[in-house]
Amino acid sequence: MFKKIRSSFHLFRPVLLLHAVLFCSAAYSQEQKTDTLRSRTLREVVVTGRQLQIARASLPEQIKTTKEILALNATNVADVAKYFSGVTVKDYGGIGGMKTVSLRGMGAQHTGICYDGLMLSDIQSGEVDLGRFTIDNISEISLNNGQPNDIFQSARLFASAGILSFKTRLPENNGNQRLSGKTTAKTGSFGLLEAGIFLMQNISKQWAYNFSADARVADGQYHFIQHYGTSDNLSEILTRENSDIQSIRSEVNIQYRLREKENFTLKSNYFQSERGLPGAVTWYNPYSKERLWDNVFFAQIHYENRLSDKLQYQSFAKFNSACNQYRDLNDGYENGMLEEKFFQKEYYLSSGLRYLPFDQLQLSASADWWYNDLLIESTMPFETFPYPTRHTGLVNLAAKYITERFTLSANVLYTLTREQVRTGEASPDRNKLSPTVSLSYKMLEDKEIRIRVFYKNIFRVPTFNELYYQSLGNHNLRPENANQFNVGFTWMETKIPFLPELECSVDGYSNHVTDKIVATPRDLFHWSMSNKGEVDIKGLDANLKMGIPVKEVGKLTITINYSYQRATDVTAGSANYGEQIPYTPFFSGSGSASYRHGIWEGGYNLIFSGKRWYGQNTVDTKIDAYRTHSVFAAAHYKTWKLTGEIINILNKQYEIIKFYPMPRRNFRLTLSKDF
Amino acid sequence: MKTNKFFLAFLLATSTAGLFTSCDPADEQQTNPEISTGLFILNQGQYGYNNASLTYYGFSNNIATTDAFTVKNNRGLGDSGQDIMKYGSRVYISMYKSSLIEVIDAKTGISQKSISMLNESGNPSLPRSLASYKGKVYVSLYDGHVAQIDTVTLSVEKTIAVGSNPEGMAIANNKLYVANSGGMSTVNDSTVSVINLSTFTEEKKIKVVINPTVVHADSEGDVYVLSIGNYYDIPYTLQRIEAGTGKVTAISDVKAYNFTIDGDYAYIYYFGYDANSTVVDKTYTVYDVKNERISKSSFIASDAVERIPYSIDVDPISKDIYIGETDYVNAGKMYCFDQDGKLQYTFATGVNPLKTIFITNK
């Protein structure tokens, strides 16, 4: 057995070397969430760090761990995000459809996507497709409104209106050098075939690694009901074509532990895919020939030194390179084809210090710098494309005061941007200060009931598309501002006899977005960008989680999330003044129930979204409310697990984005083995 | 005890599920109009939104039905209406992204045939403008062709190649003039194809200013061509192709964004943009095509149409002028002015009212 593992490691070693040597760099963020202080003061209560983290968060935080993720009928990070409150997932449907996340009525570009401690970015569009991150090697997905509660982070994590973060895991430093991991095989609807592997091992006292890889092919086809008008009009059952995908992803993390609390972690990640873009359904014309090729590579390195209880240090470096190639075949084009290639790179550095003058007080300082560029090659020449580059610098100063009943946290973030162009004019220099203050207070001595408040002022800088895209871009665009204010309660209870796990939170918020970057049409095909928009958002997020033990071996877990958003367009002179902004439901929510009894596991998941509009709030632009019900059942046998899932079991036809029909009932079968 | 726990959970789950429902008042139904004498307006809709529509406005009751096509046919027109034309007892509508010609009965509004427009490779040929001559309907196709449709069989008889991305067409001197825009090409085209209609072959190409789009002929066989330039340094230019000689003259004293010709007059509108991309300086000109000079430099006030003008058409009988208004995204509006520029009435249309035609059914 041991020999076998050794030989399999030999097989992987060249791949590891390739990652490590060829792309040479990378970083991995350690579990930073558990403050030493917190675990010390509350050790007597039998609760996990995660539960405490949620209950004591002064900025709302929602977390899903591996077990919870596996019970959600999810395949990628965006699927999981649908089970957080306050989230609107834009899902273009199907297996390769783009998926992005926006929080509390603010655009998707306000959501920072954080992977193992560092931000993912796309300088061109400002949006990261979360469909590309499968959940198989993910150990935790969390969502923070405002920013993370831990102040010992890179400055960039303080620079968004909210953070969706996910993590992989490395083996614990426990001296055990056994190779462990998991292999997974999936099949199901859409001609899906997927295989993945996750390995991790302590090679020595100093060295540890993990490696994951997966490959996926799917024809992506599914039937959908198309109404030629409203649901009262004629309809047909059509097939979603040109929605195939093939992708491979591989990642390696290597940790070198100099001492117990001092280490380097390298990460290198590569993703490649080819997919059809089925596009919006065109009535009476099924033609669809758009395709997209993605090549994304990033590598990061993280150094961390926690040797002293008083003073801690960490630094990061990252390199990201992405190439997106788009092709459309259409006889309207010269030579029947349009092809565009976009190349972007990012170089990133960050350093941070944390100082604890005494047990209750933490001070931190971090500074980040990064550089972005964007190149375009196109069969339609970009006469005015200026080949922009941008330097961004951030400095963040933060302080946090924690006692058993009281948490007060404040930080101020300084941002500067400097842009350069080859031709034309560059966007003006930006220098901004952004403050955040948050507070959490435990109201009763012996009950874990807390009130929390936060205020954050933040902005997002315009993307390169918004600034420089031919005939659309406007280099004078100002950053889009967001003011966030939140008041909420958290309640965690472990003393109810038949309900030993109860977690509950309710947050009301008021966000105001000014200088919102909007595209206004100049004519049917030419749009221009401006800072005209203004949006006022009032909302409520509620989360409830219950764990109910049944006899000795059974456990029922129920979670319910509910969101209300009144996101009003208050743009002066707008034809849509006073109306709900597009693609934002008033009501949305989710519910899950899962039950585990010995080797058996089963569950039910519900996603609900109220009606929305894709434009002016009229009957013609309304998108109907929907509910999808999904179930799964799993059996564990020794280290094997077989899971069967039925997604959208009631065969509901619905749309998230107009004219991008979502799949109706579909199936998935997953076999995995832990070792 | 165990059942109690489940019952509790069930109760919780179901009561919460109640939160996840919402009710919606029933959508209002449009009344089914009887089509007699009135207007058909083709609303282009937005590209990619399948919201082209056909508004019917009846002169007998002054009621507009915003989407008469859907009311009559229980389905929508499709994506990107491009042109509408009445010929004989039928109305022809070209749909660009849906790539079809919708043929409806002018008396009933009911579809007689949807002609799917595909080229030899089976790809959409992307219909644009319509013209008719001696029992045939001609369609310019964005894949660089013009098709001839027989009005008896309602099927494509023959297709010929012209320039790239042909747009507007007009019939004059027994010939078909086709503007080759090159709208989707690296270098925009700058020619007008002249097609002999008895042989249905291209005779020649006439060079005009880059990116010609709108073409109309006057009663003397002169062809007026509007070129929209290259969006950078070459501006919109209105020009005339002289009947007989084929000589091209730029009409430099008239600024045009779009125009139509009725009788001896061309009705023209124009606007510019300010630094915030807001439409400013809307002008409405009447040009005498017989005497080749400006007849009225502003037949209505600059602010007579509130938002952005999108179409201009003239009722050949009453000579009333119809101007469609848009903001490119929301429902549009139609304005009717009399020959003195006095506003007669307005009514709501679909998105992007592109063209108005006049229907007389007895």
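All figures in this text were calculated on a predicted structure; none of them were measured in a lab. Chain identifiers are assigned alphabetically (A, B, ...) following the order of the sequence lines, protein sequences preceding nucleic acid strands; residue numbering begins at 1 within each chain. FYI, side chains are in, hydrogens and waters are out, and symmetry mates aren't considered; it's all heavy atoms of this structure.
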Asn123(B), Asn119(B), Asp79(B): which one forms the most heavy-atom pairs within less than 4.5 Å of chain A?
-> Asn123(B)
Portion of Asp620(A) that has a non-hydrogen atom of chain B nearer than 4.5 angstrom | neither
Given that the side chain runs from C-beta out, which part of Ser530(A) has a heavy atom under 4.5 Å from chain B: side chain, backbone, both or neither?
-> neither
With a 4.0 Å cut-off, would you call Glu325(B) and Lys282(B) a salt bridge?
-> no
Measure distances from Tyr49(B) to the heavy atoms of chain A and classify the residue's part below 4.5 Å as side chain, backbone, both or neither.
-> both
Any donor-acceptor pair under 3.5 Å linking the side chain of Glu503(A) with the backbone of Asn543(A)?
-> no
Can you tell me if Tyr626(A) and Glu655(A) form a side-chain donor-acceptor pair at under 3.5 Å?
-> no
Hey, can you tell me if Tyr564(A) and Phe586(A) have their rings parallel, tilted or perpendicular (30° and 60° cut-offs)?
-> parallel
Toward chain A, the part of Leu77(B) with a non-hydrogen atom under 4.5 Å = backbone
In this structure, are over 12 heavy atoms from other groups packed under 6.0 Å from Lys532(A) atom NZ?
-> yes
Out of Ser164(B), Pro124(B), Gly48(B), which one racks up the most heavy-atom pairs below 4.5 Å with chain A?
-> Pro124(B)
Keeping the roles fixed (side chain from Asn73(B), backbone from Arg75(B)), state whether a donor-acceptor pair exists under 3.5 Å.
-> no
Let me know if Ser98(B) has heavy atoms under 4.5 Å from chain A in its side chain, its backbone, both or neither.
-> both
What part of Thr326(B) is in contact with chain A, defined as an atom under 4.5 angstrom from a non-hydrogen atom: side chain, backbone, both or neither?
-> neither
Determine the interplanar angle of the Tyr96(B) and Tyr47(B) rings, folded into 0 to 90°, and report it as parallel if under 30°, tilted if 30 to 60°, perpendicular if over 60°.
-> tilted
Side chain from CB out, backbone as N, CA, C, O: work out which of these in Phe271(B) comes under 4.5 Å of a heavy atom of chain A, or both, or neither.
-> neither
Between Tyr333(A), Tyr284(A), Tyr614(A), Tyr604(A), which residue shows the highest count of heavy-atom pairs closer than 4.5 Å to chain B?
-> Tyr284(A)
Do any N or O atoms from the side chain of Asn165(B) and from the backbone of Tyr142(B) form a donor-acceptor pair under 3.5 angstrom?
-> yes
Side chain from CB out, backbone as N, CA, C, O: work out which of these in Asn576(A) comes under 4.5 Å of a heavy atom of chain B, or both, or neither.
-> side chain
